[in-house]
Protein chains: 2
Amino acid sequence: MSDDDHTSPSTLLDVAREAGVSPSTVSRILNGTAKVSDDKRQAVMAAIARTKFAPNLMAQGLKKGRSQTIGIVVQDISSPYFDETLRGVDDGLKGTGYASVIVSGHWNAEEEADRIRLLLARKVDGIILLSGRMSDETVLQFSGQRPIVSTGRSLNTRSALGFKLDNEYGAWMAVRHLIELGHRRIAFVSGPANNIDAEERAAGYRRALFEAGIELDPKLMVEGNFHENSGLLAVSHLFDTGQQFTAVFAANDQSAYGVRLCLYRKGIRVPDDVSLVGFDDLPGSSYTTPPLTTIRQPLYDMGLVATNALLRLIHGEPVQAQVPPLELVVRETTRRR
Amino acid sequence: MSDDDHTSPSTLLDVAREAGVSPSTVSRILNGTAKVSDDKRQAVMAAIARTKFAPNLMAQGLKKGRSQTIGIVVQDISSPYFDETLRGVDDGLKGTGYASVIVSGHWNAEEEADRIRLLLARKVDGIILLSGRMSDETVLQFSGQRPIVSTGRSLNTRSALGFKLDNEYGAWMAVRHLIELGHRRIAFVSGPANNIDAEERAAGYRRALFEAGIELDPKLMVEGNFHENSGLLAVSHLFDTGQQFTAVFAANDQSAYGVRLCLYRKGIRVPDDVSLVGFDDLPGSSYTTPPLTTIRQPLYDMGLVATNALLRLIHGEPVQAQVPPLELVVRETTRRR
DNA sequence: CTGTTAGCGCATTCAC
DNA sequence: GTGAATGCGCTAACAG
């Protein structure tokens, strides 16, 4: 009954002995490296089953210089933004024999580089870098060791690929939507300074206003950090300083959630009194109260595309990444003024 | 300028040559395995820096039979529930030299077992199993190969540890809270059938009702699947069948979000008309509108504790896992009737 | 204290 | 077709 298999796992050599053939033959069968007579193949297969053999990936890796593992650098495990992308990566890896080790850079350039060095020491076959603060030069440098594909960058060498979405355009769409609805006093909760995505979204906000002939009021722009709480604080600040506005555009969904809560606390109705638009379309955004109007970012596809691209890079094949564009998703937090 | 370091990464042997010592000496310095004279140590350190040496973890692993990697089995990457736990794992691993490879069982016992076999082939040094549908026997069996710690189970052998929270008690607290607020017609959106956690929470619901002398009305219990949409559907069904209720207890936060949306759609105010309680206290639950009253599950701590325990198991040290108990977090979706 | 030797488990020459 | 031999990079006896 009790199956005390405390025997060390069987090796390829065990299988060879068990089947009465040489180790090389077993290896050949496993890898389809050469023709092997049918009877021997049968014997080996049987031996494999009998010994419950499973190849030791570390030995394989040492020998071949590949680990069948790719490294993923996120900035924050347990952020819905990255997790949705990871789902795409996961699906992209499905059935490829590759596994992934995920590390977090915590939005810190040095930590990112450190983590990448760690991944490299583990001999990952390639790296997917999601956002981050590292310079493109550094990425390129690392790509000399292993292929890298990164989101949020424009890169295209033989061992590095980057693709980015048009944040400025996305933000423009969001604000444009508000303007078309008749809003003119539109507040903006930005992302953190020094963040390229955040800057581009701010630029889109400004352009949309400018094109509509609406003068930009700096007092309506307040800096956030992409987290919920910063959205709450931002709008709170707006009220404290007595600003008037009929709509707010938050630089990402998470800060929009914070904005929403602050509005609720103040007894201001959404969208009746104030309209709200976010950016990202996180999975949760279709279940906020009311469901959030936002700019949809194809997070899942980004993960999937990045993975497929990396796999091709690893195999030395040419790549050309293509992801769906940003789009405005009108739900229920915006209304005509 | 361009740093075409296309040279293959340096090995321990390179370092040894460069420093004019034997490979073993280098190894000894790296691992602190034995005393080494200061001058040699200096020379080696310098050589390491000069050659940018980093040990090949695959070789190390092959030699030592350890991979400095642990495997994590989640059921759904990109579910806030698991992600919060993963954050705890991540922090627990910080500075230990261990990395983790995360795989997903997708709530399917066979897939789980498959994934674990995969991890084992990769020679992970231990496994953390988060929830899942596998039988305890299977877990025990795998633990013969590598130590395992699992959440949601009661296990305690030399190579397997499991700890679980008292779901029944948690649910009881939730419903008890509602009852104390004067509610008597309390609907319940359950979790999926065959899920142990779900069953226990249902039991807690029943017990609280029973203890309060409230007769259980089966028509008020509708089955969900822990996802947002099922909460929405469930309440929708309640309305369609003309049920009367003043409160609903959802078996987890995600389904509570769905419940909330359905209520919003019907123009029913929360908590003025209907009170709502969830279960989990996901990070997002403090930012719903209004913030959700729920049963707090120490997800982060579970990840942290599991990791620390696994590390001890790996090193053959005795373990004894201790996590904070469930607690009721009263926010703004419940009110006296 | 330190160098030499011998594998870890596998894939891959090279002969036959 | 198939076996024997070799080495991937590193650590752990074993001698000195």
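A note on names: the letters A, B, ... follow the listed sequences, proteins ahead of strands, and every chain is numbered from 1. What you see is a predicted model, and the numbers here were worked out from it, not measured in a lab. Reckoned from all heavy atoms, side chains included, excluding hydrogens, waters and symmetry mates.
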Query raised in the report: Using a heavy-atom distance cut-off of less than 4.0 Å, which residues of residues 35-42 of chain B contact DNA chain C?
Result: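 Within residues 35-42 of chain B, the residues near DNA chain C are B:Lys35, B:Val36, B:Ser37, B:Lys40.
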**Report entry** Axial bend angle, the helix from C:dC1-D:dG16 to C:dC16-D:dG1: five-pair end segments, nearest 10°
**Finding:**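 Terminal axis comparison yields 40°.
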Residues that [X] engages under side-chain contact (heavy atoms from CB on, under 4.5 Å), provided they are two or more places apart:
X	value
B:Leu119	B:Val73, B:Val101, B:Val103, B:Val124, B:Ile127
B:Leu140	B:Ser143, B:Leu155, B:Thr157, B:Ala160
B:Ser131	B:Gln75, B:Tyr81, B:Phe82, B:Trp107, B:Thr151

Under the 3.5 angstrom rule, does the side chain of [X] hit a backbone N or O of [Y] as a donor-acceptor pair?
X	Y	value
B:Thr307	B:Leu93	no
A:Ser100	A:Ile102	no
B:Asp90	B:Leu86	no
A:Thr25	A:Val21	no

Query raised in the report: chain B on DNA chain C: first and last contacting nucleotide, 5' to 3', under 4.0 Å to a heavy atom?
Result: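 Extent of the interface on DNA chain C: C:dC1 to C:dG9.
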**Report entry** Spacing of B:Asn31 atom CG relative to D:dA13 atom C1', expressed in whole Å
**Finding:**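 Atom-to-atom, B:Asn31 to D:dA13, this comes out as 15 Å.
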Query raised in the report: Across the strands shown, which category fits A:Ser27 at heavy-atom distances under 4.0 angstrom: base, sugar-phosphate, nothing?
Result: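 Base: the residue A:Ser27, judged by heavy atoms under 4.0 Å, touches a nucleobase.
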Exercise answer: donor-acceptor pairs, residues 310-322 of chain A side-chain atoms, under 3.5 Å, sequence neighbours excluded:
unit_1	atom_1	unit_2	atom_2	d
A:Arg312	NE	A:Glu317	OE1	3.2
A:Arg312	NE	A:Pro318	O	3.2
A:Arg312	NH2	A:Pro318	O	3.4
A:His315	ND1	A:Leu311	O	3.0

Between the protein and nucleotides 5-9 of chain D, which nitrogen or oxygen pairs are less than 3.5 angstrom apart?
unit_1	atom_1	unit_2	atom_2	d
D:dG7	N2	A:Lys63	NZ	2.9
D:dG7	N3	A:Lys63	NZ	3.4

Requested in this report: Decide whether B:Ser135 and B:Thr138 meet the rule of one side-chain donor and one side-chain acceptor closer than 3.5 Å.
Outcome: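 Yes, a side-chain donor-acceptor pair sits under 3.5 Å.
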Report task. Under the salt bridge (Lys or Arg N to Asp or Glu O under 4.0 Å) rule, collect the residues that match up with B:Arg158, sequence neighbours excluded. Result ->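 If we apply the salt bridge (Lys or Arg N to Asp or Glu O under 4.0 Å) test to B:Arg158, skipping adjacent residues, there are no hits.
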Report task. Identify, with sequence neighbours excluded, every residue that meets salt bridge (Lys or Arg N to Asp or Glu O under 4.0 Å) alongside A:Arg87. Result ->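 Partners of A:Arg87 under the salt bridge (Lys or Arg N to Asp or Glu O under 4.0 Å) test: A:Glu84.
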Query raised in the report: What pairs meet the salt bridge (Lys or Arg N to Asp or Glu O under 4.0 Å) rule with one or both residues in residues 127-138 of chain B, with sequence neighbours excluded?
Result: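 Listed by first then second residue: B:Asp136-B:Arg153.
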Distance-only check: which donor-acceptor pairs under 3.5 Å involve side-chain atoms of residues 32-49 of chain A, not counting sequence neighbours?
unit_1	atom_1	unit_2	atom_2	d
A:Ser37	OG	A:Asp39	OD1	2.7

